[in-house]
Amino acid sequence: MTVDYNPQAIEPKWQQKWADDQLYQVKDDDPRPKFYALTMFPYTSGDLHIGHWYAMAPADVHARFKRMQGYNVLHPMGFDAFGLPAENAAIKRSIHPFIWTMQNVDNMRRQLRSIGAIYDWSREVVTCLPDYYKWTEWFFLKLYEAGLAYRGKAPVNWCPRCQTVLANEQVLDGGFCERCGATVSQRDLEQWFFRITKYADELLEYKDTIWSKRVKTMQRNWIGKSQGAEISFALDHPSAAEKEIRVFTTRPDTTFGVTFMVLAPEHSLVAKLATPDKKTEVEDYIAQSRRLSEIERLSTEKEKDGVFIGTYCLNRLNGEKVPIWIADYVLLSYGTGAVMGVPAHDERDFTFARKYNLPIPVVIAPPDWSDEELAEAYTGPGTMVNSDQFNGLPYQQGMEAVCDWLEEKGWGKRAITYRLRDWLISRQRYWGAPIPIVYCDKCGIVPVPEKDLPVLLPEDAEFKPTGESPLKYHEQFVNTTCPRCSAPAKRETDTMDTFMCSNWYFLRYTSPGCDTAAFDANKVKYWMPIDIYTGGAEHAVMHLLYSRFFSKAIRDMGLVDFDEPFQHMFNQGIIIAEKQKMSKSRGNVITPDDYVSEVGADTIRTYLMFLAPWEQGGEWDDSGISGISRWLNRIWNLVLGNYHPQEKINLDTKQKATRELSRTTHQTIKKVTEDLGRLHFNTMVAALMEFTNYLGKVKEAQAVTTLDWEESIDTLLRLLSPTTPHLTEELWQKTGREYSIHNQSWPVWDEALAKDEEITLVVQVNGKVRDRITVPASITEDEARQLAPDRPKIKPYLTDKTVTKVIYVPGKLVNLVMR
RNA sequence: GCCGAAGUGGCGGAAUGGUAGACGCGGCAGUCUCAAAAACUGUUGGGAGGCAACUCCCGUGUCGGUUCGAGUCCGACCUUCGGCACCA
């Protein structure tokens, strides 16, 4: 009578019906409490691989669970659609980036539908469409108005052959361009920046959020807050107006140990201070370091070298003359671009001093130090020596004392620096949101008025492999009139970093199709902040940091009222294949489509959740899928096979079986509910497997009534429905229940019914398990203590010994301790 | 080098300081079949003893420690993975 479980027939059927019925359409005016469950939207690379499923299927299960628990759940999906690969494809295969991207969107949308998730597609966001990027541009203008977007000169990676700027990630080890292999150099270019550093301190806070320590640490490292002092060294040189060089140090207590000063080669003072006899040497060194990429310059392998520029400054603390050097290990962009060299107490300064025979005086005494020379830099704690009035102070107190002294004398002050730099958002690319700025000879930088947005990407741009933005050569795009004075003017031809698009996509989901604003403020107020955000940890310091900054920036403009956009951030692990991360370039991509047509979406969903803890991920190995297929088949047969209770059965057996069934059912509800709440999907599936195995035995025993049996099947299907939405919908219908299972409520367990009646009491002797006794759960401590020593297995251990102590753990064990 | 996470059967993994190995894969044995596959049932950490029910010993990367009791807590080390890497 039963048809076999055939996911290939069931899954498309229900997906179609759910879509036709708009079963998963989300309302904003729902009286139930809201729950915003967001999963990172995919980049439109062309195909979804099994790693995407790993991100999305468990997230969907959790969202479905919350939905059944009575929340109004928003679990949307969209596409991160601007970016470099589209443009590279355009150049390589002469296909327009828009066509390429939208083809990918169509394919990926089809793949995403096959997962069987509760995505409300009427809220879909595609970042490369004008009705979206119009508002990306609008946010740029807001940031500009707020003084958070500015144009500045910055040293960037420059490929001389491609004639373009490269992001750090596009520079290969050794400083080669990833596209053409040319040696990348440094160049100063006018670029647009967002002032993320203004929020550095608040970005370290994570007010009221649940984030993993791992990601927080990564962001903290990236922000790199350092406390110390800025110290002024006196300068007296005829060709420089400046009378000082300022340095930043985290160790003001070591200032008496300064034996040289190092400036970054690009430092503005270098040209003024270099003496004529050193000029050639200095210029050569600067040229040499300019050729290196920043990545290469910062390589720890590179030997520290530098050039003395012939001039001295003065250490005001001890009145000593300090020679000024330049070296490329000092970065212009960090601190003041100048460093005081304290070779005795800094490893880099130590090797530098060794190389150039500079003195290495000790000013912080290591423990048991007796005036000998150091074999290596000593960076640990110690007492100040050779430091005049500060001698004898422990180094922490020394820092404070030196800072007080500096501030009193006006020679310096306490200071904080960050590793974090302002966010460079200019990209010399076509396929991104245009930066809505016009350059006018008379008015200078003029923002495009809001009413003229969007600045549209011209469709007929030419994609020649010049390595330059096609916009630069598009006359109609570039040439415009100044919005302020109407004189001829030129448009900005750079586009924005795509991370700007993903800064606000989660706001757009709340207000699909809103054409009068980026979002409907009321709806954002209702849905935000996001209750749970899940995605890969590879975005820890890019997207997740940028969008936190962005949220704080628009909060300060009064556009939104939350401090943190992502209340609970969860990073799932990655699925690797052939011991490597899956990627197109490695050619080890696992396509879910084949598996969908072979075993069905429900099986893949379940398998991905079962294979490991979600935060851990693991190797893709399809040999285990059969276990899931078998299990779902067993469920199919278990639910559809007729149940026949035995007529003549003894009442006691019947009662016992009924109680046991009810207890196990409630225990399972509890376990599954708790595991889902904690995103422990693997153990949740295991619990459901155990429950199924148990129900198989119940069915064979035929001891419970049909009604009790049906109730347990009802619970099983509900508990299973987030995990295998198609299978359970089919079984729900086939057993005559009311459509749809996905509108049913989540089962609730009764703690009293879930309680065990009998427990296994473990008897230990000196901590080793020697016996197990089945006892009523209600056993008292006295009963347990009395029971244990009388057990035949325990008695032999007790002869000739005295029990000195008995440990009792309620419901668990009795431990007899003796000598 | 620094920071973070993790090391448990043949494999993926499970275990609020309290029965190590749940659940699944694989293996082995069986049922069905002419046979095989599929499916189903049983069994499965290692070792020793016993006809047997069973009993004992060892066992969670290594070495110590805390504790009546440690996979779990503490210290040192080893290995793997991830991140940062001259940030003054």
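Keep in mind that the numbers below use all heavy atoms, side chains included, and drop hydrogens, waters and symmetry copies. Order of the sequence lines sets the chain letters (A, B, ...), proteins ahead of strands, with each chain counted from 1.
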N/O donor-acceptor pair under 3.5 Å between A:Thr802 side chain and A:Thr804 backbone: no
Side-chain N,O (A:Lys793) to OP1/OP2 (B:U55) below 4.0 Å: yes
Any donor-acceptor N/O pair, A:Thr724 side chain to A:Asp602 backbone, under 3.5 Å: no
Interatomic distance at P, B:C68 relative to B:A29, whole Å: 49 Å
Rounded distance in Å - CD (A:Glu615) to C1' (B:G12): 15 Å
P atoms of B:G45 and B:U33, separation to the nearest Å: 32 Å
Distance, rounded to the nearest Å, where A:Asp349 contributes CG and B:C87 contributes C1': 13 Å
Under 3.5 Å donor-acceptor, A:Arg605 side chain and A:Thr723 backbone: yes
Please enumerate all protein N or O atoms sitting under 3.5 Å from an N or O of nucleotides 70-77 of chain B, with distances to 0.1 Å.
none

Contacts of type salt bridge (charged side-chain N to carboxylate O under 4.0 Å, His left out), residue A:Glu615, not counting sequence neighbours: none
In B:G12, glycosidic geometry as syn within 90° of 0 or anti otherwise: anti
Same-atom distance (P) from B:U72 to B:U62, integer angstrom: 11 Å
A:His680 NE2 - B:G13 C1' separation (whole Å): 13 Å
Whole-angstrom distance between B:G69 and B:C78, as gauged at atom P: 29 Å
A:Glu347, CD: over 12 other non-hydrogen atoms inside 6.0 angstrom: no
Sugar-phosphate, base or nothing in reach of A:Glu619, heavy atoms under 4.0 Å: nothing
Check: A:Arg770 main-chain N/O paired with A:Tyr797 side-chain donor or acceptor under 3.5 Å: no
Pairwise C1' distance, B:G13 and B:C23 [rounded to whole Å]: 8 Å
Sugar-phosphate only, base, or nothing, as touched by A:Tyr5 at under 4.0 Å among non-hydrogen atoms: nothing
Rounded distance in Å - CG (A:Asp328) to P (B:C87): 14 Å
5′-ward residue of the pair A:Gly618/A:Glu347 relative to RNA chain B: A:Glu347
Check against salt bridge (charged side-chain N to carboxylate O under 4.0 Å, His left out), A:Arg354 and A:Glu376: CA-CA 10 Å; A:Arg354 269 284 172 85; A:Glu376 54 181 18; over 6 Å; no
Length of the line joining A:Leu761:CG and B:G69:P, which is rounded to integer Å: 19 Å
Nearest-angstrom distance from the residue atom CD of A:Gln616 to P of B:C11: 15 Å
Base versus backbone protein contacts along nucleotides 16-26 of chain B [heavy-atom cut-off under 4.0 Å; B, S, -]: --BBS-BBSSS
Per A:Thr217 side chain, nearest of listed nucleotides B:A88, B:A14, B:C3: B:C3
Inter-nucleotide C1' distance (B:C25, B:A14), Å rounded: 15 Å
B:C11 versus B:G50 - spacing of their C1' atoms, nearest Å: 33 Å
A:Tyr595-A:Trp53 aromatic ring centre distance below 6.0 Å: no
Phosphate OP1/OP2 of B:C87: any A:Arg348 side-chain N/O under 4.0 Å: yes
Whole angstrom value for the distance that separates C1' of B:A85 from CG of A:Leu331: 12 Å
Over 12 foreign heavy atoms within 6.0 Å of NZ, A:Lys355: yes
For A:Gln219, side chain to side chain contact (heavy atoms under 4.5 Å, CB included) partners two or more places apart: A:Tyr206, A:Trp211, A:Val215, A:Val541, A:Leu544, A:Leu545, A:Arg548
Donor-acceptor pair (no angle test) under 3.5 Å: A:Lys805 side chain, B:C68 base: no
Contact summary for A:Gly51 and A:Met582, nearest pair of heavy atoms: N-SD, 4.3 Å
Side-chain donor/acceptor of A:His345 to backbone N/O of A:Val363, under 3.5 Å: yes
Contiguous Watson-Crick or G-U pair runs (3 or more, under 3.5 Å) in RNA chain B: B:1-7 with B:78-84, B:10-12 with B:23-25, B:26-31 with B:39-44, B:45-49 with B:54-58, B:61-65 with B:73-77
N/O donor-acceptor pair under 3.5 Å between A:Asp253 side chain and A:Gly398 backbone: no
Main-chain N/O of A:Ile759 paired with A:Asp756 side-chain donor or acceptor, under 3.5 Å: no
Below 4.0 Å: OP1/OP2 of B:C87 and any side-chain N or O of A:Arg251: no
Rounded distance in Å - CG (A:Leu638) to P (B:C40): 12 Å
Enumerate all atom pairs, one protein N or O and one N or O from nucleotides 80-84 of chain B, separated by less than 3.5 Å.
residue : atom : partner  : partner atom : Å
B:C84   : O3'  : A:Arg419 : NH1          : 3.4

Short side-chain to backbone donor-acceptor contact, A:Thr780 and A:Glu783, under 3.5 Å: yes
Sidechain N-carboxylate O distance under 4.0 Å for A:Asp201, A:Lys225: yes
Span that lies between the P atom of B:A53 and that of B:U44, in whole angstrom: 12 Å
